[in-house]
Amino acid sequence: MGRLDWQPLLARLRLPSPPLQVLDQLYRQPILITGAGGTIGSALALRLGNIGPSSLLLLDTAESRLYDLQQSWQTEGVPGAMTPILGSTADRALLDEIFTTRAPSIVFHTAAFKHVALMEEQPLAAIANNVYGTLTLSRAASAVGARTILLSSDKAVEPASVMGATRWLSERIVLAAGGIVLRTGNVLGSRDSVTETFALQIAAGQPLTITDPAARRYFLTLDEAVNLLMMTLAEPPGSLLAPELREPTYITDLAHFMAQSLAPDRSVPIDFTAPRPGEKDPLHFWAAAESPRPAALPGLLSLQYHPIDVPSLESGLADLRATLEMRDASAAMTQLCELVPDYTPSPAVRAASNLRVSS
């Protein structure tokens with residue numbers, strides 16, 4: 001699947017690559033990447049390893065993925081030095097050690113739980129990782145003046161899922177601390193994505209499963225996602241950014257494209273299933289209360305948003321943490337709804353947590 005050329009599907013020009021002014025900011029800088037073993041994190045790490053940061057620190061909780069990244073580093077002959085670190089963004093002692101001894105000045109935070117349906121079943125895990133992992137990292141970085149860039153999702157816009165709501169809250173945490181947030185769409189060819197599911201179904205001779213014939217998503221290539229992450233460095237602190245994409249792509253078009261590319265000699269049927277809890281369509285890169293304008297570099301949009309009431313945010317996060325520590329899913333979801341006013345919980349998560357709030 002990695003050999004597929006996605007441009008015929010996207011039917012648009014490729015998004016721009018980082019200019020020299022951005023690459024200069026990355027050269028000889030100590031950099032930390034969280035979620036470094038993930039698809040985007042590892043691609044970013046390999047790209048930066050060829051640019052030449054003075055120190056590249058790669059943090060991930062998954063031993064196997066961190067090991068795979070080490071192997072790729074050696075196989076591809078990446079010239080830059082890297083330090084793998086097995087650990088979590090929720091571990092403040094580890095983060096303090098990293099910032100004290102290694103002094104990264106730039107942090108690319110790509111670590112997050114992303115599977116919508118699974119997080120509907122595990123809301124406390126989503127809150128613990130996406131919200132408090134981000135909060136712990138942001139505070140540790142801010143304490144030493146390091147710059148944080150958060151990789152977020154279009155599912156954070158007027159969220160209909162626990163995953164989306166926790167990503168929106170992580171955005172507010174980073175923006176309030178003067179960091180930068182980049183919302184992206186679906187990355188083609190990424191691990192555990194719909195493209196991987198389709199590829200496995202095609203290889204097994206199974207029908208391709210799609211929740212709704214009208215389902216659409218914004219898609220980017222992996223190279224584009226990495227380019228945009230690096231390009232955020234041209235923006236001022238507190239920037240909320242999104243790719244400059246005009247039209248989403250129908251999932252059915254993606255299915256037909258992959259079937260024709262991977263199985264050109266046979267017909268691959270499509271089965272339509274019911275939407276899963278927490279899913280919504282269509283997705284957008286900004287909410288009604290946000291407005292886009294051109295960013296400093298082409299390919300990106302800068303989104304204007306309401307000022308963040310930091311004392312209220314910190315108070316709400318403290319209350320949410322208390323419900324998390326008590327393992328009280330109902331109270332946690334109620335508090336999450338208060339913190340994320342545009343969040344509409346799905347019937348499934350309401351039932352699972354005995355939630356009683358108005359939508």
Side-chain angles (χ1 to χ4, degrees), residues 15-16 18 22 25 33-35 40 44 89 106-112 114 130-131 133-135 137-139 141-142 146-161 163-187 217-220 224-246 248 280 282-314 316-317 336 339-343:
L15 295 176
V22 168
Q25 292 187 62
I33 302 175
T34 72
I40 297 177
L44 176 62
T89 57
I106 299 172
V107 180
F108 289 101
H109 182 31
T110 74
K114 67 176 186 178
N130 292 358
V131 176
T134 299
L135 180 63
L137 176 68
S138 180
R139 286 176 173 173
S142 296
R147 191 174 188 183
T148 300
I149 296 99
L150 169 69
L151 178 66
S152 187
S153 165
D154 53 4
K155 295 178 179 64
V157 179
E158 297 173 348
S161 65
M163 192 280 277
T166 55
R167 298 301 289 272
W168 184 91
L169 196 48
S170 69
E171 289 183 355
R172 273 14 194 203
I173 290 168
V174 170
L175 293 172
I180 295 174
V181 172
L182 171 65
R183 289 177 183 158
T184 62
N186 291 37
V187 177
R217 295 292 183 268
Y218 285 98
F219 287 108
L220 303 90
E224 288 177 327
V226 170
N227 285 339
L228 292 179
L229 265 175
M230 294 193 292
M231 287 163 59
T232 62
L233 291 170
E235 299 298 322
S239 293
L240 174 60
L241 305 166
E244 191 173 9
L245 298 176
R246 296 188 180 277
K280 72 169 187 173
L283 294 172
H284 303 284
F285 282 119
W286 56 86
E290 300 167 342
S291 57
R293 62 183 181 184
L297 297 176
L300 282 172
L301 294 171
S302 180
L303 307 179
Q304 294 180 301
Y305 56 91
H306 289 310
I308 299 171
D309 184 342
V310 176
S312 294
L313 175 64
E314 292 180 347
L317 287 170
L336 184 63
L339 281 165
V340 188
D342 289 337
Y343 173 38

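Model, not experiment: these values are computed from the prediction. Hydrogens, waters and symmetry mates play no part in the numbers below; they use all other heavy atoms, side chains included.
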For residues 291-308, dump all side-chain donor-acceptor pairs below 3.5 Å to protein atoms at least two apart in sequence or in another chain.
unit_1, atom_1, unit_2, atom_2, d
S291, OG, Q304, OE1, 3.2
Y305, OH, G238, O, 2.6

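- At least one side-chain heavy atom of L220 sits under 4.5 Å from a side-chain heavy atom of L228.
- Across all non-hydrogen atoms, the minimal contact from V340 to A165 is CG2-O, 3.7 Å.
- In this structure a side-chain-to-backbone donor-acceptor pair under 3.5 Å is present from S142 to S138.
- In terms of heavy atoms, L151 sits closest to R167 at O-NH2, 2.6 Å.
- How far CD of E235 is from CG of L182: 10.0 Å, rounded to the nearest 0.5 Å.
- Scanning for salt bridge (Lys or Arg N to Asp or Glu O under 4.0 Å) contacts around R172 gives E290, with sequence neighbours left out.
- Here the CG-NZ distance, from L283 to K155, works out to 5.5 Å after rounding to the nearest 0.5 Å.
- Remark: S161 pairs with V116, E120, M163 by the side chain to side chain contact (heavy atoms under 4.5 Å, CB included) rule, at least two apart or across chains.
- When the side chain to side chain donor-acceptor pair (under 3.5 Å) test is applied to D154, no partner is found at least two apart in sequence or on another chain.
- The nearest pair of heavy atoms linking V107 to A141 is CG2-CB, 4.4 Å.
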- Does the pair L44 and M230 meet the rule for a side-chain contact (heavy atoms from CB on, under 4.5 Å), with working shown? CA-CA 9 Å; L44 176 62; M230 294 193 292; 3.9 Å; yes
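- Between the CD atom in E314 and the CG atom in D309 there is a gap of 9.5 Å [rounded to 0.5 Å].
- Summarising the geometry, atom CD1 belonging to I173 is positioned 9.0 Å from atom CG belonging to L150; distances are rounded to the nearest 0.5 Å.
- T34 is linked by a side chain to side chain donor-acceptor pair (under 3.5 Å) to H109, counting only residues two or more places apart in sequence or in another chain.
- Annotation for A225 and I40: closest pair CB-CD1, 4.4 Å, computed over non-hydrogen atoms.
- Evaluation of the side chain to side chain donor-acceptor pair (under 3.5 Å) rule for D342 yields no partner, not counting sequence neighbours.
- Put simply, the side chain of V187 does not reach to within 4.5 Å of the side chain of E224, judged on heavy atoms.
- Annotation: side chain to side chain donor-acceptor pair (under 3.5 Å) contacts of S152 (sequence neighbours excluded): E171.
- Note: L233 CG to F108 CZ = 4.5 Å, rounded to the nearest 0.5 Å.
- The line from CZ of F285 to CG of L245 is 5.0 Å long, rounded to the nearest 0.5 Å.
- Residues in residues 297-306 take part in no salt bridge (Lys or Arg N to Asp or Glu O under 4.0 Å) pair, two or more places apart or across chains.
- Residues N227 and P18 approach most closely at OD1-CD, 3.3 Å, considering heavy atoms.
- Scanning all heavy atoms of the two residues, the minimum distance from T232 to I180 falls at O-CD1, 3.4 Å.
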